[in-house]
Amino acid sequence: MKFELPNLPYEYNALEPHIDARTMEIHHSKHHNGYTNNLNNAIEGTNLEDLSIEEICKSPDLSGAARNNGGGYYNHCLFWSILSPNGGGNPTGKIAEAINKYFESYENFKNEFSSAAASQFGSGWAWLCVNKGALEVCATPNQDNPLMNNCGIPILGIDVWEHAYYLNYQNRRPDYIKAFFNLINWNEVNKRFEEAL
Ligand code: MN3
């Protein structure tokens with residue numbers, strides 16, 4: 001399968017002031033585009049070629065360029081989808097109930113997720129996953145994701161590579177993490193949650 005860079009469902013400047021337009025433009029048109037092209041090159045002529053991106057991530061013999069760029073492709077597709085200029089606020093629907101069940105409150109969830117994102121050393125991601133029906137927070141290095149590590153299906157994720165925030169926030173990763181909560185598209189997270197159950 002030839003993977004294609006998805007269009008963003010909003011303009012590059014739509015997430016300001018939380019994520020600036022220049023960061024979004026470079027992140028999407030350079031970084032995500034690069035992962036997409038490199039993934040296509042890495043899987044060409046291999047047994048991964050005809051698999052879906054989820055199947056590629058779950059493949060037990062995934063390594064090297066296919067792993068880095070397969071993760072990069074999948075992770076950014078998820079990331080753009082769970083952000084929205086109309087996002088933020090408290091979770092709604094089934095995910096709100098599940099967050100209360102597994103984390104006691106949205107505040108507790110925010111603290112746990114923020115702490116996983118802030119303490120990921122170097123580049124990586126923090127995730128909210130559905131693991132055997134339960135909600136869990138975890139973090140992964142580089143472009144790895146929970147599908148690769150068999151620790152659940154990610155339904156929300158934050159990119160903590162410096163390319164995701166450095167222009168606006170420099171070394172202040174915690175400020176970027178705080179701002180991220182103003183952008184979460186809870187409708188999309190709910191959709192992914194119901195599909196993951
Ligand atoms: Mn990124």
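Remember, it's 1-based here, ligands and their atoms both numbered in the order they're listed. Worth saying up front: this structure is predicted, and the values here are computed from it rather than measured.
- Salt-bridge formation is not detected for the pair Lys94/Glu97: no Lys NZ or Arg NE/NH1/NH2 atom is positioned less than 4.0 Å from an Asp or Glu carboxylate oxygen.
- Trp127 and Thr140 get closest at one heavy-atom pair: NE1-OG1, 2.8 Å.
- Of all the N, O or S atoms in Asp159, the one closest to the Mn ion (ligand 1) is OD2.
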query = Checking salt bridge (Lys or Arg N to Asp or Glu O under 4.0 Å) for the pair Glu195/Arg192: CA distance, chi angles, key distance, verdict?
reply = CA-CA 5 Å; Glu195 285 167 4; Arg192 288 176 177 270; over 6 Å; no
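- Metal site remark for the Mn ion (ligand 1): His31 contributes no N, O or S atom at a distance under 2.8 Å.
- Looking at His27 and the Mn ion (ligand 1) together, the shortest N, O or S contact belongs to NE2.
- Donor-acceptor pairing under 3.5 Å is recorded for the side chains of Gln143 and Tyr35.
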